[in-house]
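Take a look at the structure below.
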Amino acid sequence: MEITKETLLEMYRKMQLIRYFEARTKELFAAGKVPGFVHLYSGEEGIAVGVCSALRQNDYIGSTHRGHGHCIAKGGDVKYMMAELYGKETGYCKGKGGSMHIADFDLGILGACGIVGGSIPLSTGAALHFKYNGTDQVAVTFFGDGATNQGSFHESINLAAIWDLPVIFVCENNKYAESTSISSVMKVEKISERASGYGVPGITVDGNDVIAVYETTLEVVERARKGKGPTLVECVTCRHQGHYEGDSGTYRTKEMVEECKKRCPIKRLCTFLQEEGFSSKKEIEDIDKSVEKEVEAAIEFAEKSPWPKPEDALTDVFVSPYY
Amino acid sequence: MEITKETLLEMYRKMQLIRYFEARTKELFAAGKVPGFVHLYSGEEGIAVGVCSALRQNDYIGSTHRGHGHCIAKGGDVKYMMAELYGKETGYCKGKGGSMHIADFDLGILGACGIVGGSIPLSTGAALHFKYNGTDQVAVTFFGDGATNQGSFHESINLAAIWDLPVIFVCENNKYAESTSISSVMKVEKISERASGYGVPGITVDGNDVIAVYETTLEVVERARKGKGPTLVECVTCRHQGHYEGDSGTYRTKEMVEECKKRCPIKRLCTFLQEEGFSSKKEIEDIDKSVEKEVEAAIEFAEKSPWPKPEDALTDVFVSPYY
Amino acid sequence: MSTREILFLEAIREALREEMRRDESVFLMGEDLRIWGSPMGQLQGLWEEFGDRRVLDTPISETGFVGAGAGAAVLGSRPVVELMFIDFFGIAGDQIYNQAPKLRYMFGGRMKVPLVIRTVIGAGNSAAAHHSASVYSIIAHMPGWKCVIPSTPYDAKGLLKTAVRDDDPVMYCEHKMLVNTKGEVPEEEYTIPFGEASIKREGADVTVVALGWMVHKTLKAAEELSKEGIEIEVVDPRTIVPLDRETIINSVKKTGRLVIVDEDHERCGIGSEISAIVSEEAFRSLSAPIKRVTTPTVPIPFSPVLENAVIPNEERIVKAVREVASFA
Amino acid sequence: MSTREILFLEAIREALREEMRRDESVFLMGEDLRIWGSPMGQLQGLWEEFGDRRVLDTPISETGFVGAGAGAAVLGSRPVVELMFIDFFGIAGDQIYNQAPKLRYMFGGRMKVPLVIRTVIGAGNSAAAHHSASVYSIIAHMPGWKCVIPSTPYDAKGLLKTAVRDDDPVMYCEHKMLVNTKGEVPEEEYTIPFGEASIKREGADVTVVALGWMVHKTLKAAEELSKEGIEIEVVDPRTIVPLDRETIINSVKKTGRLVIVDEDHERCGIGSEISAIVSEEAFRSLSAPIKRVTTPTVPIPFSPVLENAVIPNEERIVKAVREVASFA
Ligand SMILES: Cc1ncc(C[n+]2csc(CCOP(=O)(O)OP(=O)(O)O)c2C)c(N)n1
Ligand SMILES: Cc1ncc(C[n+]2csc(CCOP(=O)(O)OP(=O)(O)O)c2C)c(N)n1
Ligand SMILES: [Mg+2]
Ligand SMILES: [Mg+2]
């Protein structure tokens, strides 16, 4: 596998876009601009970007409560995302969804989900649709370590296994589910060990190494496209902040968070890019600037966008009119 | 481990009691005496009897839709069982439960369950209660091969694992869930392979060898009593008739059913008892007769018992009066 | 139109066969569909005709396969998923409550979910507390589901075809006591729109709204009542979401009296809903209290004696109508 | 009795602390109870006092731990299990529908299930379609659950203590917009029996039955209406199962007019049920149609503008009362 400069820079750009989007979202939440529950993806960018860079546009991803990163990585427009976080009419979901419910069908983004484990069966169903129609598309379902203790995970991966569905189960193992440490809720060392109970390959990869994630994904996606079935890919990572905005995060020591930040996937790629001579400092700074500009423009767009009309609350329940 | 003649004969008696109870139930169902859905245990007696013989009276078992065998093996009285199958007031549940819902608390029978996988969390909770109170009781949860594809199995065994609960997960693998062959709904060879995903030991045993089941259970129960946690025990077996009364069973060839009947756990123990000199033909025939008598008396009891009063339909919803 | 008598379950099978022939994107998924043709044989012959690809046997993983149905629907398939009994809705509870019916709304109308769930409802054969429910009122309470409860082979076929073509999630309920009943069904293709009640009997004295199996019990009660000189109008809504308020209200405007016969539990049931609607919208027309004849909010008991005591029967219907008719 | 002002969440915490001190068989189980003291801090300090044994942190396995709670309850424990939001009921759907509340009945009264599920309900902070529901009407429709919806710290404490001591499954609903409100609570121990409504304001013109957060909105509306000369009687049932029919009906007998304000979805909701009961049992007393002010049967939208448009507000309450009051 050869990875081009273009791919690497695009991965860098997307990771930075996520990071900056989340940093600004954090501020906007604190400022009362973004209501509701907000779960930031900062620190985990290597996974979404590594995985989505190995996908085609017509492949689909299903996401979680911590979904901003997935959306951006799959090509989501931060303008419509930010407008959605604001609850504006111009948002991806016309303000009906908010942070935990963003989708963009045209880009293969099946949608975020407020229910832990809730979207795993849906993505599996997307893969069923691909198999039913004999296309070579694949679906990816993202979920956390905590979600692997849900029945929906178990049932879905088994379904995918027996039907050889083209779906990749990507577990983002950040070692915590809210305040709960993974070691207190499962006895296995690696989540990928759970794959064998379904007759599915399980792989553990460093989620903060975007290149490793990308390469692993390429392989398992290839396998899936060939009709050889699903893979469970565990990506080990950590989050840079609390579970959601408002969480004081006392269950992790400062040292743990600092250690986590040292493993930052963006810094790592940045160093790699420069050390391996893929790009200059200047190139990188240009990207950083463009990313900032994009997010600031998105905020402006969101700010200026109109609120939805109250009566729209009753539309979109059905395709046919509301009863 | 030494197994006494007394234990062996009691195991034989219980297996025969189940077999004869089921044979008569089949007839009574056909005759319209027993309404509802009836799932017979014939052919699988080695499991219930092997397992329950290794338990104490104050240990608890949770059961399934195919629960008559579990109930008898744990000491259930066939009189109250038969009356329940008839829907009579004298039945274990006053006629409210029927074949799929029989319990006897005093004997540690937590109850059958019409929902596949539905009782697994409940038995796990019984084990939690034991641990909470520091007793050395154990709980056993019986379930079929089909049930291991339910989320409730996954979630419960993981809970039991992380809390080292004294609960034994006994999978009765009869290779079919209704008309569905196990090979079409899971990719693993042995269901016990699923244990490793939870950090739990998994064992596969011949469910038609009651002695093997008994000895295995003794071991894993001992482990559980010592606070060392759950075990998944897969008992391989087969059923002698259709999934339920009314099933033509066309998904199995005649040869398969015949082969199954050859592996009969009762015949096997009977041969063993005589060949190893544990008991004479006469002793065995006496047991067979006593068992017949017991079941016939139970039928008479059921026949003669009164129907529940219609107004009782509104009692027992709550401990407090019905609203 | 030429008609013939067929079984309710044949009507279901015909509807699915026609729709599957018409539209490649329709497929069936559920437990024991292939060899058994589903437990009551509704689907027999479809696997033989359409093969493994379009008739999927699943593991016992309701969360998994109901969710997969929704996911496939979102992409453009038209899965008809079988939930063996409505009593099992909770096994797939989150997919049924939070996912399938909310996706479209949460995502601002960006997707549609043409999923049909076929399920079996109802008591009547001592199937006890886990296999006898009629809790479609829970489905009706959940935003995003349409819900169909046919009472005759004719309605069953026409409404199932509509369900398959509908772009929204539809819960389609087959009553176990009706599946083997017969009725006239045209040879020619037809569909029945959702939200149109069917007046199963006309009458000027009391309006009786009844659903599913209860329609038949009510029609029997009607004969008895007629002998006493009470003519009831039997309105069968056929779909509870959407509900044909207009037909119900017009009938009540005519009769001034309303009895609702429903097999679902009384508390927060569709019977309560219809009562509330009518007292809101036709208050002036009512000349007697609205009566509900429903199943009390208890688990369905096993023994025939007890089951009979809770499921609405002719006697209770007759009694309620008499009371309402004589109220002055 | 000496009282002091405490927060709703402190009332919950106090109730649990007292009950846990009183009865060793009471324990807590759920997600993030130890360090977080549950997401809104209701349980803070209890882990510190009662330790690991009596405060269990679970995996995200609602089916597993709700079922385990029911199983432990059957054996004699008194688990108080937290379901983080009522929106999650479907995740544990079968344990909540078919197991916990039906065990006693199915087994002919041979066991009791003293299980409490504490859960958070309600909209108001843009938590969107998966974290804002008030679907307690679904719980009320299921046979076997008692269901508590307190509106003040006083009610919250007294009813939670009763819930813990009750021998039947109880669903106890904490409204997220109330958890941080204050109210008077006695220093001394007290309990409040289930099935007794509380009249939060007396009035002779219109009866308004309201639940949870809606009680407060209704009380505000009452002030405005009072200025117009309309005096409403605000009846807070506090428990919907059992429901205090008597107090509601007596109030309607006095006022002749009824408005029901409920945050749950309209279709097949507890609002429908109360309407149906009153029109059955107090028909002659009604001098106007019964009006429901509820949340339409749509997923709860995210944007504050939209959320506001669906959740009942003062304006809608005032309007409904005016209509009913002026009906002639
Ligand atoms: C079924 C369900 N249970 C509980 C919650 C509350 N909750 C939201 S996020 C979360 C933790 C999820 O942990 P994990 O899957 O590891 O994802 P992470 O947040 O670490 O990315 C919990 C418990 C929920 N949303 N859904
Ligand atoms: C949740 C659920 N899904 C489906 C059914 C219908 N059903 C009853 S028994 C059964 C097969 C169970 O297979 P298995 O667990 O292997 O037990 P066995 O009948 O073979 O003993 C099915 C699908 C059910 N009762 N509950
Ligand atoms: Mg995590
Ligand atoms: Mg089996």
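Values reported hereafter were calculated over all heavy atoms of this structure, with side chains retained and with hydrogens, waters and symmetry mates removed. Every chain is numbered from 1, with letters handed out A, B, ... down the list of sequences.
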Chain D heavy atoms under 4.5 Å from [X]: which part of the residue, side chain, backbone, both or neither?
X        : result
C/Phe302 : neither
C/Thr295 : neither
C/Ile274 : neither
C/Val278 : neither
C/Leu243 : neither

Inset, instruction - Determine, for C/Asp166 against C/Lys146, whether the closest basic-nitrogen to carboxylate-oxygen distance falls under 4.0 angstrom. - result: yes

Legend entry - Charged N-O contact under 4.0 Å between D/Glu280 and C/Lys291: no

Most heavy-atom pairs under 4.5 angstrom with chain C, which of [options]?
options                                : value
D/Met106, D/Met142, D/His130, D/Lys102 : D/His130
D/Ser279, D/Gly271, D/Ala282, D/Ala133 : D/Ser279
D/Gln95, D/Arg284, D/Gln99             : D/Arg284
D/Pro289, D/Ala276, D/Gly90            : D/Pro289

Chain D contacts, top residue of [options] (heavy-atom pairs, under 4.5 Å):
options                               : value
C/Pro101, C/Ser272, C/Cys268          : C/Cys268
C/Ala140, C/Gly108, C/Ala92, C/Gly144 : C/Ala140
C/Pro296, C/Ala128, C/Ala288          : C/Ala288
C/Val135, C/Ile270, C/Ile260          : C/Val135

Side chain [X], main chain [Y], donor-acceptor under 3.5 Å:
X        : Y        : value
C/Arg316 : C/Val310 : yes
D/Trp145 : D/Val241 : no
D/Ser134 : D/Asp264 : no

Legend entry - Counterpart residues, ring pair (Phe, Tyr, Trp, His ring centres under 6.0 Å), relative to D/His131 (two or more places apart): A/Phe37, D/Phe85, D/Phe88

Legend entry - Results of ring pair (Phe, Tyr, Trp, His ring centres under 6.0 Å) for D/Tyr97 - residues two or more places apart only: C/Phe89

Legend entry - salt bridge (Lys or Arg N to Asp or Glu O under 4.0 Å) partners of residues 244-253 of chain D, not counting sequence neighbours, each pair once: D/Arg245-D/Glu281

Legend entry - Toward chain D: residues of residues 58-69 of chain C with heavy atoms under 4.5 Å: none

Legend entry - Residue pair C/Glu273, C/Arg292: steps toward the salt bridge (charged side-chain N to carboxylate O under 4.0 Å, His left out) verdict: CA-CA 11 Å; C/Glu273 178 64 21; C/Arg292 290 173 291 169; over 6 Å; no

Inset, instruction - Might you point out which heavy atoms bring D/Val252 and D/Thr207 nearest each other, and give the distance in Å? - result: N-OG1, 3.6 Å

Legend entry - Straight-line distance of C/Thr218 OG1 to C/Ile317 CD1, nearest 0.5 Å: 4.0 Å

Legend entry - Within-4.5 Å side-chain heavy-atom neighbours: C/Ser285 and C/Arg257: no

